[in-house]
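In what follows, a single structure is set out as structure tokens and then discussed.
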Amino acid sequence: MFDGLRKGLAAALKTLRGKGRLSEANIREAMEAIRVVLLDADVNFTAAENFIKRITEKSIGQEVLRSLDPSEQIVKFVYDELVLLMGPVDTAIPFAKDRPTVIMLCGLQGQGKTTTAGKLALTLKSKGRKPLLVAADLQRPAAIEQLRILGEQIQVPVYLEVAESGKPVPTPVEVCANAIAYAKRTLVDTVILDTAGRLHIAEMPMDELKQIDKQAKPDQVYLVCDAMTGQDAVNSAAAFNEALELNGVILTKLDGDARGGAALSIKEVTKVPIKFIGVGEKLDKLEEFRPEGMAQRILGQGDIMSLVEKVSKVQSDISKEELEAQQKKLREGDFNLNDFRKQFEQIAKMGSMKDLIGSMPGMSDMVPAGEDPEAAFRRIKGMLDSMTREERANPDILDQNRRRRVAAGSGTQPHDVKQFLNQFEQVRNLMRAMSKMSVWERIKMVSGMGKMGAFQPGAKLKTKGDTGHRKTPKERAKERKNNKKR
Amino acid sequence: MFRALLDKLKIGLTKTRNLFAGVAGLFRLKGKVDHDFLKELEKKLYLADVGSAATAGLVDRMKQAFLDKEIDKETELFVRDYLAGLLQIEGGREIKINPDGPTVIMIAGVNGSGKTTSIAKLAGFLSRDGKKVLVAACDTFRAAAIDQLVIWCERLGVEIVKGLPGSDPASIAHDACDKARAKSFDFVIVDTAGRLHTQTHLMRELEKIHRVTSKVIPGSPHEVLLVLDATTGQNAVLQAENFQKVVHCTGIILTKLDGTAKGGSIFSIKQRLNIPVKFIGVGEKIEDLEPFDPASFVEALFS
């Protein structure tokens, strides 16, 4: 399957190798191939369309790497995007400290709720918790008995109520409430409610589930979903989420050969994370969900990991090469705005603005105090984008006319552009100065002066730290006077 | 009977209209096959789990039919008739009866597809018809599976042959066939444990049950019914393929059609493996088992 995708992509992209950039036209066929792969993996139709739209937008303009087959690059790209979409995963279950934590399992019929309840209890037990299983499925014949047997197998207590003759049959709502009251009296610290399977469109059963939710007030509600589910997964997941506000999804029967596209659809539609996966009938077969494994599965069996590694390596080699070239330029002092922009974009791709400030020389000074860094960076990017290549290569030619044009193009004021250019000039001078310094001098300079705000025009170096002595009004007046003089 | 099914399906659909599946009416564009029509048809088929290969084939077929001026009626009707035609089979969908003794029906399928419930419904269906039914509880693996079947049989007043949990399912099938022949039962329904079609050792166990019944009652099992969950996606085709290899399925029980899933994978299964759907499950109650009808199935697909 995976090889099929690779071949299909390779054919669709064969003209692209080693040249140019990806465009909507030249990747259309490849995207169609990916769409079919997703649909064959049971990703919901609408979710697949959205995914393809997003990934097309993201790929357009990407450079085709010289040493790679474009299909490899695209597969890696799709893989990354799948991982991103299905993650991040937090498989930790938050526990209450002062009372038993209540976990409720719900879902359609035949998804594997009862088995999963047993697996979850065993997992918790092995982590030192004291779970109690609650047989709240009063619908399916012998469901209570099934849970009782499972509890026996894993040595976990099971709370069950059997209808006594002459007394009214207990409702699932009552059973759950009684079980929690029972748990509070005993040493149990986690209660797992195994509710009956029900159709998401059946009003009465769904109302019953809402009642249990209201009365038992579970800390965590998990939807149990069969990994083989097709297009309908989104319908049921959305309905259960609407009724109960799910905290997580447990995907079952992944020991078969289902590709599990439901994982992507459910996450995409409900935003509820997948926490665990069931990978076998035995009770120890519950694992934490890993988006990497799932992404691989959706794309099909095959050696995707080695491909992912290969592409990552090439990408890091390339950025290393570029980095070295840039550093060389820095050393030689002919660092211009084109380099600045490239570095800016590269780092922006890597993540948060906080990282960006730290990892680019002079960056922290381009953000005025009190301003949102995101906004400041957008402004700078706007200015850079409004310049011609020539202007970036040689910022000195940016005269008043040109600055005015850049300001208009980026929605800023001409004096903002001027200020930015001044700051850049200072950074460049610093680079030049640094290239002539010894390593020690450089470290001293970066660690010391950077913090003191040495690059900010008009900023003064403060030499005295806080003495810890609270000044008298007289002293303060004297200081003000001194400051004014300076 | 079909009316009841349709009503049920329609109720289900109105309830979910605001959810994900609700797609604007495909057949508002009458008598014309254009790009938009084909796009909409493609979407409908995909959302019904028809799958990429079958969907592409159907869309191409419609395009060709339009070019060849084959469409002699409203496009809506043409598409429907064509799809229903794909599900037609030679002969009927009745259970094949053994004229010389008990008819053995073996039930197989993956975990949670609804085997036990389907067996109860089938046993109810046959015993309401005045037939003498014996159930063989061969799911000795899942906790309380036997109890589940026992409870159903008590409710239906149907006899059951069972063993201890963990015992050999083939020997229970053997005993049941023996008893059915000796006490002249009309039907033996053999329940089997749910198994994923990728578990080779369990598939061999299934093969063994099959072999053992044929030894006791020659020519049996007369029917091997695969229970498929309509909510299952493309994996349904793989399930059918693998079960077919091992026990030669004679038909399908398509369950859980009372939800919002459409069970469109049966087109691929029919085309590639020629296994017809014989019954559908449309609810939790014992009488919610109905004979399959292509026309109403297709209607539900597009309603």
Side-chain angles (χ1 to χ4, degrees), chain A residues 35-37 39-42 44-49 108-112 114-115 118 139-150 152-153 197-203 226-239 242 252-253 255-262 265 269 281, chain B residues 11-13 15-16 19-21 42-43 46-49 51-53 55-56 110-114 116-117 120 141-152 155 165 194-199 229-236 238-239 242 255-256 258-265 283-284:
Chain A
R35 189 178 81 115
V36 171
V37 166
L39 288 167
D40 279 339
D42 288 325
N44 175 272
F45 184 83
T46 315
E49 299 263 288
L108 301 172
Q109 291 97 339
Q111 308 295 296
T114 307
T115 308
Q139 199 66 37
R140 181 162 57 94
I144 298 176
E145 181 63 9
Q146 186 183 351
L147 198 66
R148 194 191 62 72
I149 295 170
L150 291 181
E152 212 168 78
Q153 282 172 7
R198 64 200 75 218
L199 261 183
H200 54 289
I201 50 166
E203 246 170 69
D226 185 333
M228 299 185 282
T229 312
Q231 299 289 319
D232 196 48
V234 291
N235 297 332
S236 49
E242 195 160 299
T252 59
K253 306 183 204 174
D255 46 330
D257 55 359
R259 304 251 305 278
S265 322
V269 170
E281 279 192 79
Chain B
I11 291 167
L13 280 162
K15 278 178 191 154
T16 46
L19 292 177
F20 211 80
E42 185 196 34
K43 183 175 183 179
Y46 266 124
L47 280 174
D49 287 316
S52 65
T55 298
V110 299
N111 317 59
S113 52
T116 311
T117 310
F141 179 80
R142 182 168 64 86
I146 300 172
D147 303 85
Q148 188 179 349
L149 207 54
V150 167
I151 295 171
W152 275 121
R155 286 185 198 169
R195 63 203 77 216
L196 292 180
H197 51 285
T198 48
Q199 298 163 318
D229 181 339
T231 48
T232 305
Q234 295 316 298
N235 198 248
L238 293 176
Q239 289 172 25
N242 285 287
T255 61
K256 308 187 196 176
D258 47 334
T260 44
K262 311 283 191 181
S265 60
E284 283 191 302

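Every chain is numbered from 1 and lettered A, B, ... according to where its sequence line falls, protein lines coming before strand lines.
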Nearest-0.5 Å distance that lies between atom OG1 in B:T232 and atom CG in A:D42:
8.5 Å
Closest-packed option against chain B by number of heavy-atom pairs under 4.5 Å, given A:Q109, A:Q139, A:R148:
A:Q109
Are the side chains of A:D257 and B:L238 in contact, using a 4.5 Å heavy-atom criterion?
yes
Would you say the side chain of B:Q199 lies within less than 4.5 Å of the side chain of A:D255, judging by non-hydrogen atoms?
yes
Rounded to the nearest 0.5 Å, how far apart are NZ of A:K253 and OG1 of B:T198?
12.0 Å
Once rounded to the nearest 0.5 Å, what's the spacing between atom CG of B:N111 and atom OG1 of A:T252?
9.0 Å
With a 3.5 Å distance limit and no angle check, can you tell me whether B:K262 reaches the backbone of A:Q231 through a side-chain donor-acceptor pair?
no
Check the pair A:M228, B:V110 against side-chain contact (heavy atoms from CB on, under 4.5 Å), reporting the backbone distance first and the verdict last.
CA-CA 10 Å; A:M228 299 185 282; B:V110 299; 3.7 Å; yes
How close do B:D49 and A:G230 get, heavy atom to heavy atom, and via which atoms?
OD1-CA, 3.5 Å
Look at A:E145, A:Q111, A:E281 and state which one has the largest set of heavy-atom pairs under 4.5 Å with chain B.
A:E281
Is it the case that A:D232 and B:T231 place a side-chain donor and acceptor less than 3.5 Å from each other?
no
How many angstroms lie between CD1 in A:I144 and CG in B:D147, if you round to the nearest 0.5 Å?
11.5 Å
Examine whether an atom of A:L39 lies under 4.5 Å from a heavy atom of chain B, and if so say whether it belongs to the side chain, the backbone or both; otherwise answer neither.
both
4.5 Å side-chain heavy-atom contact, B:N235 and A:T229:
no
Where do B:A144 and A:I149 come nearest, in terms of heavy atoms and distance?
N-CD1, 3.7 Å
Under 4.5 Å heavy-atom distance to chain A, tell me which part of B:V150 shows up: side chain, backbone, both or neither.
neither
Pick from A:Q153, A:E49, A:R35 with the largest number of heavy-atom pairs that fall under 4.5 Å of chain B:
A:R35
Hey, which of B:L196, B:I146, B:T55 has the most heavy atom pairs under 4.5 Å with chain A?
B:L196
Apply side-chain contact (heavy atoms from CB on, under 4.5 Å) to the pair B:D258 and A:L199, showing each step before the final yes or no.
CA-CA 8 Å; B:D258 47 334; A:L199 261 183; 3.4 Å; yes
